[in-house]
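Per chain, numbering begins at 1; letters A, B, ... match sequence-line order.
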Protein chains: 2
Amino acid sequence: MTAKKIEKDTENKILEAAKKVFVLKGLDGARMQEIADEAGINKALLHYYFRSKDQLFMMIFKVEIGNFFPRLIPILLSKEMTFDQKIYHFVENYIDLFLKNPFLPTFIIREINRNPQMVAQFFIEAGIESNNFKQIIAGFAGELGISPKEAFHLIINTVSACIFPFAGRPIIEQVFFDGNTAEYNHFLEERKKFVAEFVVNSIKGRMINTK
Amino acid sequence: MTAKKIEKDTENKILEAAKKVFVLKGLDGARMQEIADEAGINKALLHYYFRSKDQLFMMIFKVEIGNFFPRLIPILLSKEMTFDQKIYHFVENYIDLFLKNPFLPTFIIREINRNPQMVAQFFIEAGIESNNFKQIIAGFAGELGISPKEAFHLIINTVSACIFPFAGRPIIEQVFFDGNTAEYNHFLEERKKFVAEFVVNSIKGRMINTK
DNA sequence: AATTATTTTAACCAGATGGTTAAAATAATT
DNA sequence: AATTATTTTAACCATCTGGTTAAAATAATT
């Protein structure tokens with residue numbers, strides 16, 4: 001390998017190890033020694049590449065909170081899909097993300113509550129405008145003939161139903177599945193269908209109410 | 001005050017302080033000195049009353065995870081309420097609990113994921129049977145003419161919608177409310193009505209589907 | 001082969017932290 | 001007033017932890 005490739009390679013090994021440890025244990029629970037071990041290097045080299053724990057943590061956090069935000073905004077804004085199609089699409093992809101990153105929800109919840117200011121800072125740095133979200137809400141409200149407020153609650157309900165089963169897994173798995181991990185994974189897979197149906201049905205049920 | 005009352009009083013002061021600090025910062029983030037300060041005593045006395053940090057933490061955790069479980073099982077099993085009434089009752093009371101204990105959801109999520117074994121241990125010690133929950137599921141399934149599986153997803157959806165807005169508060173508040181705390185509190189209050197409606201409507205919408 | 005870059009070794013430091021101890025001080029009981 | 005129980009003071013300890021350093025060793029470049 002060339003010198004520059006070696007450098008990038010080591011950097012990546014560290015970042016992957018740091019992600020694994022920080023996501024699982026959080027800033028407070030993670031140890032630099034553990035990250036070094038996980039990366040297969042020593043502590044001196046770890047500090048040589050990334051000066052401090054906080055700096056390394058922030059790099060991981062920024063990437064992971066970015067992943068946490070669904071890359072589905074264009075889809076939710078598209079004119080070619082109905083509301084139902086958008087919901088099915090969103091739920092399936094969002095739950096899939098967490099099936100691939102099962103500890104992402106817990107990590108985000110833990111860290112944003114430890115230091116809520118990081119959230120505001122992330123939005124400023126990433127240049128994310130809340131306009132997109134408000135546009136989605138307005139779009140749903142228009143298409144479904146409901147108030148923006150109600151459309152917003154609907155979105156929060158949908159997102160909640162995708163995220164919570166991952167964050168609350170230890171309890172639900174224990175109470176309802178007697179700790180059977182395989183069964184719980186099946187349950188999570190199933191939810192792609194059930195959550196979307198649940199949301200779509202709720203709108204249908206609302207329509208008869210107001211008729 | 002009598003000697004025994006003084007003892008109980010100090011004990012309570014410590015437990016209240018410990019709850020405050022542990023719930024906010026978690027086991028890893030909490031400091032014994034901070035708990036002592038919060039209780040208005042010194043570290044020596046803190047250790048005199050509760051031998052170790054872990055022991056003190058476990059006392060708090062057991063109480064709080066107990067609070068986390070809705071004391072609403074009898075209501076959900078009652079024969080005198082319809083499904084709709086049960087949902088409205090449950091959602092209102094559960095959200096109310098979190099309005100009074102805003103950091104309870106984050107605390108529980110943080111700690112059960114840090115040490116999932118505590119959950120199983122709690123269930124053994126508290127003697128909680130999963131039969132109650134399974135009975136509620138069966139009851140819903142019977143009353144609504146849906147499968148137990150579907151009834152279970154419904155319950156998880158309902159619980160998710162109550163809990164997540166508290167655990168994910170920093171993000172939602174930032175993205176949709178520009179950090180306006182008062183507005184977010186109003187939104188949470190509103191949800192008592194909207195979440196219940198959402199769930200009830202979903203069942204209504206499902207009924208037309210199968211007709 | 002000589003030079004340069006990357007990594008390891010291993011000792012070390014300072015500060016934080018959980019926990020202890022014994023004596024002094026304060027408050028309650030008799 | 002004397003005794004007993006509660007709390008403070010304050011020094012102290014061992015361990016952990018983030019972080020540093022300089023020299024030796026290994027690998028890549030020229």
Side-chain angles (χ1 to χ4, degrees), chain A residues 1-64 107 110-111 114-115 117-118, chain B residues 1-62 64 107 110-111 114-115 118:
Chain A
M1 263 204 276
T2 77
K4 279 186 185 174
K5 275 189 180 177
I6 288 172
E7 209 179 332
K8 276 282 164 210
D9 191 64
T10 305
E11 208 175 297
N12 286 335
K13 273 198 309 187
I14 293 174
L15 286 173
E16 263 189 57
K19 174 188 163 180
K20 205 168 174 178
V21 175
F22 277 136
V23 167
L24 213 62
K25 310 222 167 160
L27 176 67
D28 289 335
R31 298 287 162 253
M32 290 301 266
Q33 187 59 58
E34 198 181 344
I35 293 172
D37 291 347
E38 182 72 37
I41 57 162
N42 50 62
K43 216 177 56 168
L45 196 64
L46 179 59
H47 280 281
Y48 175 76
Y49 271 81
F50 297 91
R51 239 160 245 163
S52 74
K53 189 188 184 186
D54 290 271
Q55 216 176 289
L56 182 54
F57 175 81
M58 280 314 293
M59 302 196 69
I60 303 297
F61 177 76
K62 280 174 190 166
V63 172
E64 294 308 316
F107 173 69
R110 191 204 295 121
E111 300 305 325
R114 183 182 57 79
N115 186 359
Q117 295 180 323
M118 290 192 308
Chain B
M1 261 204 278
T2 77
K4 278 186 185 173
K5 275 190 181 176
I6 286 173
E7 208 177 331
K8 274 281 164 211
D9 191 63
T10 305
E11 207 174 298
N12 286 335
K13 273 198 309 187
I14 292 175
L15 286 173
E16 263 189 57
K19 175 188 164 181
K20 206 168 173 177
V21 176
F22 278 135
V23 166
L24 212 63
K25 310 220 168 162
L27 175 67
D28 290 334
R31 298 288 162 252
M32 290 301 267
Q33 188 59 58
E34 198 181 344
I35 294 172
D37 291 347
E38 182 72 36
I41 57 161
N42 51 63
K43 216 178 57 170
L45 197 63
L46 179 59
H47 280 282
Y48 175 76
Y49 271 81
F50 297 91
R51 239 160 246 165
S52 75
K53 189 188 184 185
D54 290 270
Q55 216 177 291
L56 182 54
F57 174 82
M58 280 314 293
M59 301 196 71
I60 303 297
F61 177 76
K62 280 174 190 166
E64 294 308 315
F107 173 70
R110 193 203 294 121
E111 300 306 325
R114 183 182 58 77
N115 185 359
M118 291 193 307

| query | Has Thr10(B) got a side-chain N or O lying under 4.0 Å from the OP1 or OP2 atom of dT7(D)? | reply | yes
| Base, sugar-phosphate, or nothing for Ala36(B), non-hydrogen atoms under 4.0 angstrom? | nothing
| Over how many whole Å does the gap from Gln33(A) atom CD to dT20(D) atom C1' extend? | 15 Å
| query | Below 4.5 Å, heavy atoms only, C-beta onward: do Met59(A) and Val63(A) meet side chain to side chain? | reply | no
| said: Looking at Glu16(A) and Lys19(A), is there a salt bridge between them, counting it only when a charged N and a carboxylate O are closer than 4.0 Å? | reply: no
| query | When the distance from CG of Leu45(A) to C1' of dA24(D) is rounded to whole Å, what number comes out? | reply | 15 Å
| message | Counting neighbours of CD on Gln33(B) that are heavy atoms of other residues, nucleotides or ligands and sit closer than 6.0 Å, is the number greater than 12? | response | yes
| query | With nearest nucleotides of DNA chain C determined for Lys43(B) and Lys4(B) from heavy-atom distances, which residue corresponds to the more 5′ nucleotide? | reply | Lys43(B)
| task | Apply side chain to side chain contact (heavy atoms under 4.5 Å, CB included) to the pair Glu111(B) and Phe57(B), showing each step before the final yes or no. | result | CA-CA 11 Å; Glu111(B) 300 306 325; Phe57(B) 174 82; 3.4 Å; yes
| field | Asn42(A) CG to dA25(D) C1', straight-line distance once rounded to whole Å | value | 12 Å
| task | Have a look at Tyr49(A) and say if it touches a base, only the backbone sugar-phosphate, or nothing, with a 4.0 Å heavy-atom cut-off. | result | sugar-phosphate
| Starting at CD1 of Ile6(A) and ending at P of dT8(C), how long is that distance when rounded to a whole Å? | 11 Å
| task | Check whether any side-chain N or O of Arg51(B) sits under 4.0 Å from OP1 or OP2 of dG19(C), and answer yes or no. | result | no
| Expected output: side-chain Lys20(B) to main-chain Ala39(B) donor-acceptor under 3.5 Å | no
| To the nearest Å, how far apart are Asp28(B) CG and dT17(D) P? | 10 Å
| Think Tyr48(B) has a side-chain N or O under 4.0 angstrom from the OP1 or OP2 of dT20(C)? | no
| query | With a distance cut-off below 6.0 Å to the six-membered ring centre and an angular limit of 45° from the axis, does Arg114(A) pair with Phe61(A) as a cation-pi contact? | reply | no
| query | Do the side-chain N or O atoms of Arg31(A) get closer than 4.0 angstrom to the phosphate oxygens (OP1, OP2) of dC16(D)? | reply | no
| Okay, side chain of Asp9(A), backbone of Lys5(A): is any donor-acceptor separation there less than 3.5 Å? | no
| Please give, in whole Å, the distance from dG19(C) P to Met32(B) CE? | 5 Å
| said: With a cut-off of less than 4.0 Å, is there a side-chain N or O of Thr2(A) near OP1 or OP2 of dA28(D)? | reply: no
| task | Starting from P on dT7(D), measure out to CZ on Phe50(B) and report it in whole angstrom. | result | 12 Å
| request: Test for a donor-acceptor pair under 3.5 Å between the base of dG19(D) and the side chain of Lys53(A), counting only N and O atoms. | output: no
| message | Donor-acceptor pair, distance only, cut-off 3.5 Å: does the side chain of Arg110(A) make one with the backbone of Leu27(A)? | response | no
| request: Find the distance Lys5(B):NZ to dA28(C):P and express it as a whole number of Å. | output: 13 Å
| task | Taking only the side-chain heavy atoms of Ala44(A) (C-beta and beyond), determine which of dG19(C), dT21(D), dT8(D) contains the nearest atom. | result | dT21(D)
| task | Give the stems involving DNA chain D, where a stem is 3 or more consecutive Watson-Crick or G-U wobble pairs (i with j, i+1 with j-1, and so on) under 3.5 Å. | result | C:1-30 with D:1-30
